[in-house]
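Heads up, the thing below is written out as structure tokens.
From a predicted model like this one, the values you see are computed outputs, not experimental measurements. Proteins come first, then strands; the chains are lettered A, B, ... in the order of their sequence lines, and each starts at number 1.
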2 protein chains.
Amino acid sequence: MNIELLLQHISKHISLTNEEEEILKSFLHSKKIKKKHFLLQEGEVNKTATFVTSGLLRIYSIDKNGFEHILQFAPPGWWIGDMKSVLTQQPATLNIDAIEDTEIIWISKEDLEKLYAAVPKFERFFRILAENSIASHQQRLVNNLSLSAAERYNNFCQLYPSLIQNLPQKQVASYIGVTPEFLSKMLSNLSEKK
Amino acid sequence: MNIELLLQHISKHISLTNEEEEILKSFLHSKKIKKKHFLLQEGEVNKTATFVTSGLLRIYSIDKNGFEHILQFAPPGWWIGDMKSVLTQQPATLNIDAIEDTEIIWISKEDLEKLYAAVPKFERFFRILAENSIASHQQRLVNNLSLSAAERYNNFCQLYPSLIQNLPQKQVASYIGVTPEFLSKMLSNLSEKK
DNA sequence: AAATTTTCTTAATCTACATTAAGTTCCCTG
DNA sequence: CAGGGAACTTAATGTAGATTAAGAAAATTT
């Protein structure tokens, strides 16, 4: 289990004693997910908090016509989950799968509550994490409501320069909310204009 | 200051001793915002957490063509803020104003940190609050990416039945992401089909 | 209650993006 | 390294929703 990235990430927001670090570790598990395999499927309950240490996950919904809509990518150092399912422990409406071979660290919902009880600092950590996530969601919403497809694409490239290298174009299309055909046309227009 | 609604809201997630309640109260302020007046304008720093006790606020961005895009309404019992500005203490890109005469309870960012130090339970409270907000944002994103305007409208009506009564149609249009003209047309089509 | 502003409606025209349908290139995997 | 499915491209056609423009209705202000 590559716990270094997680500890580093945590230390940006709270500092842990050795003892607290040990308590944390006692609750953690790791798991590998092969490319194209699922971490969570619509209908299952999302019972864990998930932190990516290597590879790449995506979380997406499938609409009534079978089209996928990607809410978020999770490269190393990111958390991912169907928050409604985690909170209510009802079946998820979102899917999480691996775009590349991926390794995660996870903690069960019950153990997370135990961790909060044992080391209340983690309430703070996850509060800060959640607040940052809200800030991103607000920005994403603004972008989706006010920008054109080309502007959303440029924005994505600026925000995730390293992601854009390795991602299949159709995944980017699904994230910014256009069809792969339209994105393809858009990009060829952009490049010939230069 | 009508603090009852706030205490009631807090007690759904954590329970406070009388002493802790007093500490909380010592940090709180109240304020009235008249209809059409601003609580926060683009360019100002969002320095407080805001809880609505009566009336109705909205938070929105203004795009480069001057069009408004509403991210959220805040009726009594809701929190509202430009989270990026709150976290970074940089100028806000969002605006908050009153759709009706409104009364809020607010706490400054500094005092909130003091509150966390004095009563760590509040870290838990705001963590839970933030996590619920993420769940809503994920759902909103899914809706915006996968539903038609008519479906988003119906969804809004189901989610906020009481809001829809009092809101000007153009505000609803701005929230679901269509022009007022299109919403008007859509509604008259819907009603004549029945 | 007149005046002014804001909201809502209707209708014609326009456009960003979707859909459909090929064909092509790129990969994985055997 | 062959072949079979993904991923990407191109192009024709279709459509949800935008834009523009005007007038009507409703709400606010004086």
Side-chain angles (χ1 to χ4, degrees), chain A residues 34-37 55-56 58 60 62-70 73 97-102 143-157 163-193, chain B residues 34-37 55-56 58 60 62-70 73 97-102 143-157 163-193:
Chain A
K34 291 225 151 242
K35 187 171 174 167
K36 292 191 184 173
H37 286 221
L56 182 62
R58 60 170 187 160
Y60 59 99
I62 301 179
D63 70 25
K64 60 176 192 288
N65 301 314
F67 291 106
E68 297 173 355
H69 304 277
I70 299 179
F73 297 104
D97 67 14
I99 294 181
E100 302 165 11
D101 288 1
T102 295
N143 291 345
N144 283 2
L145 289 171
S146 61
L147 301 183
S148 69
E151 289 168 325
R152 293 195 308 273
Y153 178 80
N154 287 329
N155 202 69
F156 183 86
C157 293
L163 266 187
I164 204 86
Q165 312 295 338
N166 315 312
L167 269 184
Q169 226 175 79
K170 62 174 293 198
Q171 309 278 11
V172 179
S174 170
Y175 181 94
I176 67 174
V178 296
T179 57
E181 292 83 357
F182 185 73
L183 179 55
S184 171
K185 189 170 131 192
M186 210 175 78
L187 292 179
S188 75
N189 285 349
L190 277 180
S191 63
E192 84 188 17
K193 273 182 190 165
Chain B
K34 290 225 152 243
K35 186 170 176 170
K36 293 190 182 173
H37 286 220
L56 182 62
R58 62 171 184 157
Y60 60 99
I62 301 179
D63 70 24
K64 60 177 191 286
N65 302 314
F67 291 107
E68 297 173 356
H69 304 277
I70 299 178
F73 297 104
D97 66 15
I99 293 180
E100 302 165 9
D101 288 359
T102 295
N143 291 345
N144 283 1
L145 289 171
S146 62
L147 301 182
S148 68
E151 289 168 323
R152 295 197 304 276
Y153 178 79
N154 287 330
N155 201 69
F156 182 86
C157 294
L163 266 187
I164 205 86
Q165 313 295 339
N166 315 312
L167 270 184
Q169 227 176 76
K170 62 174 293 197
Q171 310 277 13
V172 179
S174 170
Y175 181 94
I176 67 174
V178 296
T179 57
E181 293 84 358
F182 184 74
L183 179 57
S184 171
K185 187 170 132 191
M186 210 176 76
L187 292 179
S188 76
N189 285 347
L190 277 179
S191 62
E192 84 187 14
K193 271 183 190 162

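Rounded to whole angstrom, the span from the CG atom of A/D97 across to the P atom of D/dA6 amounts to 14 Å. Distance NZ (A/K185) to C1' (C/dT19): 11 Å, rounded to an integer number of Å. Between the CG atom of B/L187 and the P atom of C/dT7 there is a distance of 16 Å, given to the nearest Å. Distance B/F182 CZ to C/dC14 C1': 14 Å, rounded to the nearest Å. Atom pair B/N189:CG and C/dT9:P shows a separation of 12 Å (rounding to whole Å applied). Residue B/L147 contributes atom CG, which lies 15 Å from atom P of D/dA16 at whole-angstrom precision. Summarising the geometry, the separation between CE on A/M186 and P on D/dT10 is reported as 14 Å, rounded to the nearest angstrom. One interatomic measurement links the two molecules: OH of A/Y153 to P of C/dC17, which rounds to 15 Å at whole-angstrom precision.
Residues passing the side-chain contact (heavy atoms from CB on, under 4.5 Å) test with B/F182, sequence neighbours excluded: B/A149, B/V178, B/T179, B/M186. Among residues two or more places apart in sequence or in another chain, the salt bridge (Lys or Arg N to Asp or Glu O under 4.0 Å) test is passed with B/K185 by none. Residues forming a ring pair (Phe, Tyr, Trp, His ring centres under 6.0 Å) with A/Y60 (at least two apart in sequence, or on another chain): none. Here B/Q171 pairs with B/R58 under the side chain to side chain donor-acceptor pair (under 3.5 Å) rule; sequence neighbours left out.
Between B/L56 and B/N166, every side-chain heavy-atom pair lies at or beyond the 4.5 Å cut-off. Within the 4.5 Å cutoff, the side chain of B/K170 has no heavy atoms near those of the B/L183 side chain. Side-chain contact between A/Y175 and A/Y153 is absent, with no heavy-atom pair separated by less than 4.5 Å.
Of the N and O atoms on the side chains of A/D97 and A/H37, not one donor lies less than 3.5 Å from an acceptor on the other residue. Side-chain contact check for B/S148 and B/E151: at least one donor-acceptor pair (N or O, by modelled atom type) lies under 3.5 Å.
For B/S184, no side-chain nitrogen or oxygen approaches OP1 or OP2 of C/dT10 to under 4.0 Å.
For B/T179, counting side-chain heavy atoms from C-beta on, the closest listed nucleotide (C/dT10, C/dT9, D/dA18) is D/dA18. Distance from the side chain of A/F67 is smallest for C/dT19 among the nucleotides D/dA18, C/dT19, C/dT9.
In this structure, A/K170 and B/S148 both approach DNA chain D, and ranking their closest nucleotides by distance from the 5' end singles out A/K170. Toward the 5′ end of DNA chain D lies the nearest nucleotide of A/L183, the other residue of the pair A/L183 and B/A149 mapping further downstream.
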- What string of B, S and - do you get for nucleotides 22-30 of chain D, 5' to 3', when a contact is any protein heavy atom under 4.0 Å? ------S--
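Computed from C1' positions of five pairs at each end, the angle between the two local axes of the helix from C/dA1-D/dT30 to C/dG30-D/dC1 equals 60°, rounded to 10 degrees.
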